[in-house]
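Below: one structure, written as structure tokens.
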Amino acid sequence: MTYLFNPAPVVGVPVVGRSERFPVRRVYCVGRNYAAHAREMGFDPDREPPFFFCKPADAVVPVAQGEVLTLDYPAETSNYHYEIELVAAIGKPGRNIPEDQALQHVFGYAVGLDMTRRDLQMDMRKMGRPWEIGKAFDRSAPIGPLVPAEVAGDVHHADIWLQVNGQDKQRSSTAALIWSVAETVSDLSRYFELQAGDLIYTGTPEGVGPVVKGDVMVGGVAGLGELQVRIAG
């Protein structure tokens with residue numbers, strides 16, 4: 001088969017202890033999955049069904065352990081926000097996956113950032129329009145190395161945190177997720193046939209806020225290492 005131009009390269013996330021990389025197929029994100037974050041965004045945190053949005057696979061920016069990623073401040077925003085998240089990587093396909101089998105479909109876990117053009121997202125929300133312009137832009141999904149599930153430890157009761165310039169901004173536990181990883185995988189698989197290569201950004205705790213040029217973010221999930229990002233400027 002020939003193409004008019006070269007297809008885009010596959011985004012590959014490094015895997016701890018492996019030479020092979022995890023090829024990214026799709027990126028799903030869970031909205032408002034921590035009660036305190038739902039409140040700070042102006043919503044009632046009652047346990048309603050989860051909702052999802054997507055980012056393109058090429059929004060993912062893999063960051064090696066110990067590396068500091070430099071991100072340009074994105075276009076058309078003056079309110080660029082961080083959201084630290086636990087990321088689950090699907091390694092086994094499935095549809096209508098029972099909750100008690102959902103974690104069998106998870107290959108591993110990583111630390112991720114759902115970078116957001118908050119002003120654009122809020123404008124779209126007010127008009128009842130999709131969020132893509134605020135969420136799905138270039139390089140909006142940095143991610144650290146994947147840790148295989150069998151060696152990742154208890155990621156379901158793990159500290160999750162983010163600092164900006166050495167100051168705490170977000171600090172919680174993945175145990176505070178409204179919808180657990182297993183519940184999220186099961187529910188998402190009702191609407192999409194999940195495939196190996198899918199990433200699920202599981203939501204962010206309270207404390208989201210803006211960064212400006214020159215800021216350095218360091219975030220992590222216990223057992224999964226740290227993710228370091230600097231805003232160019």
*Establish, yes or no, whether a centroid distance under 6.0 Å links the rings of Tyr80 and Tyr73.*
yes
*Asp58 and Arg139 ion-paired at < 4.0 Å*: no
*Among the clusters formed by ILVMFWY side chains lying less than 4.5 Å apart, do Val221 and Val27 turn up in the same one?*
no
_Quick one, Met217 and Ile84 - any side-chain contact, counting heavy atoms below 4.5 Å?_
no
*Okay, side chain of His157, backbone of Ser173: is any donor-acceptor separation there less than 3.5 Å?*
no
*For Ile97, does its backbone N or O pair with a side-chain atom of Ser186 as donor and acceptor, under 3.5 Å?*
yes
*Can you tell me how far the NE2 atom of His81 sits from the CG atom of Asp114, to the nearest 0.5 Å?*
12.0 Å
*asked:* When you group the ILVMFWY residues by side-chain heavy-atom contacts below 4.5 Å and let the links chain together, are Val212 and Met115 in the same group?
replied: no
*So, for Leu227 and Pro142, which heavy atoms are closest and what is the spacing to 0.1 Å?*
CD2-O, 4.0 Å
_Is any side-chain heavy atom of Leu69 closer than 4.5 Å to one of Val61?_
yes
*So does Glu150 have more than 12 non-hydrogen atoms from other groups sitting under 6.0 Å from CD?*
yes
*Passes salt bridge (charged side-chain N to carboxylate O under 4.0 Å, His left out), Glu132 versus Arg117? Steps please.*
CA-CA 10 Å; Glu132 274 79 0; Arg117 297 192 285 203; over 6 Å; no
_Measuring from atom CD of Glu183 to atom OG1 of Thr202, what distance do you get when rounded to the nearest 0.5 angstrom?_
12.0 Å
*After noting the C-alpha distance and the side-chain angles of Glu85 and Val111, does the key distance pass the side chain to side chain contact (heavy atoms under 4.5 Å, CB included) rule?*
CA-CA 6 Å; Glu85 309 209 3; Val111 182; over 6 Å; no
*Taking the inter-plane angle between the rings of Phe22 and Phe107 on a 0 to 90° scale, is it parallel (under 30°), tilted (30 to 60°) or perpendicular (over 60°)?*
parallel
*Give a yes or no answer on whether the side chain of Asp72 reaches the backbone of Pro74 with a donor-acceptor pair at less than 3.5 Å.*
no
*asked:* Nearest 0.5 angstrom please: Leu224 CG to Leu146 CG, how far?
replied: 9.0 Å
*Kindly check if the number of other-residue, nucleotide or ligand heavy atoms within 6.0 Å of CG (Asp123) is above 12?*
yes
_How long is the straight-line distance from OH of Tyr201 back to CG of Leu113, given to the nearest 0.5 Å?_
7.5 Å
*Using modelled atom types only, decide if a donor and an acceptor are shared between the side chain of Arg21 and the backbone of Gly12 within a distance under 3.5 Å.*
yes
*Are Tyr109 and Val13 co-members of a hydrophobic cluster defined by side-chain heavy atoms under 4.5 Å apart?*
no
_Are Leu188 and Leu194 packed together at the side-chain level, in the sense that at least one heavy-atom pair is separated by less than 4.5 angstrom?_
yes
*Does CZ in Arg95 sit with more than 12 non-hydrogen atoms of other residues, nucleotides or ligands closer than 6.0 Å?*
yes
*Do you know which two heavy atoms are closest between Val30 and Pro50, and how far apart they sit?*
CG1-CB, 4.4 Å
_For Gln170, the option from Val164, Val208, Ile160 that meets side-chain contact (heavy atoms from CB on, under 4.5 Å)_ = Val208
*Reported CD1-to-OG1 distance for the pair Ile231 and Thr70, which is rounded to 0.5 angstrom*: 8.5 Å
_Counting C-beta onward and ignoring hydrogens, is there a side-chain heavy-atom pair between Leu86 and Val181 closer than 4.5 Å?_
yes
*Would you say the side chains of Asp119 and Thr77 form a donor-acceptor pair under 3.5 Å?*
yes
_Contact between Val16 and Val151 at the side-chain level, heavy atoms closer than 4.5 Å - yes or no?_
no
_Assigning hydrophobic clusters by single linkage (Ile, Leu, Val, Met, Phe, Trp, Tyr; side-chain heavy-atom cutoff under 4.5 Å), is Leu103 placed with Ile90?_
yes
*State, without any angle test, whether Ser140 and Lys55 hold a side-chain donor-acceptor pair at a distance under 3.5 Å.*
yes
*Where the side chain of Asp198 meets the backbone of Gln195, is there a donor-acceptor pair that is under 3.5 Å apart?*
yes
*Which distance, rounded to the nearest 0.5 Å, do you find between the CG of Leu177 and the OG1 of Thr184?*
7.0 Å
*If you look only at pairs with a residue in residues 209-233, which of them pass as a side-chain hydrogen bond (donor to acceptor under 3.5 Å, both in side chains), with sequence neighbours excluded?*
Asn165-Asp215
*Establish, yes or no, whether a centroid distance under 6.0 Å links the rings of Tyr34 and Trp179.*
no
*Give the minimum heavy-atom separation between Gly144 and Ala110, together with the two atoms involved.*
O-CB, 3.6 Å
*Polar side-chain atom of Thr116 near backbone of Lys135 as donor-acceptor pair, under 3.5 Å*: no
*For the pair Lys169 and Trp161, evaluate side chain to side chain contact (heavy atoms under 4.5 Å, CB included) and give the outcome as yes or no after the intermediate values.*
CA-CA 8 Å; Lys169 297 295 183 178; Trp161 55 272; over 6 Å; no
*Under 4.5 Å between side-chain heavy atoms, hopping through other hydrophobics if needed: is there a path connecting Val68 to Tyr82?*
no
*Neighbour count above 12 (heavy atom, 6.0 Å) for Arg171 CZ*: yes
*Pick one: which of Phe53, Phe137, Phe52 meets ring-ring contact (aromatic ring centres under 6.0 Å, His included) with Trp131?*
Phe53
*Is the shortest side-chain N to carboxylate O distance from Glu83 to Arg118 below 4.0 Å?*
yes
_Quick check: do Val15 and Pro148 have side-chain heavy atoms less than 4.5 Å from each other?_
yes
*asked:* If we check side-chain contact (heavy atoms from CB on, under 4.5 Å) with Arg125, which of these qualifies: Met127, Gln121, Met122?
replied: Met122
_If I compare all heavy atoms of Pro205 with all of Ser172, which pair ends up nearest, and what's the gap?_
CB-CB, 3.5 Å
*Locate the shortest heavy-atom distance separating Gly134 from Leu120; write the atom from each residue and the value.*
CA-CB, 4.2 Å
*Given side chains that start at C-beta, do those of Leu199 and Arg26 come closer than 4.5 Å, heavy atoms only?*
no
*Would you mind reporting whether Ile200 and Val185 have side-chain heavy atoms less than 4.5 Å apart?*
yes
*Do you know which two heavy atoms are closest between Gly94 and Ser189, and how far apart they sit?*
O-CB, 4.1 Å
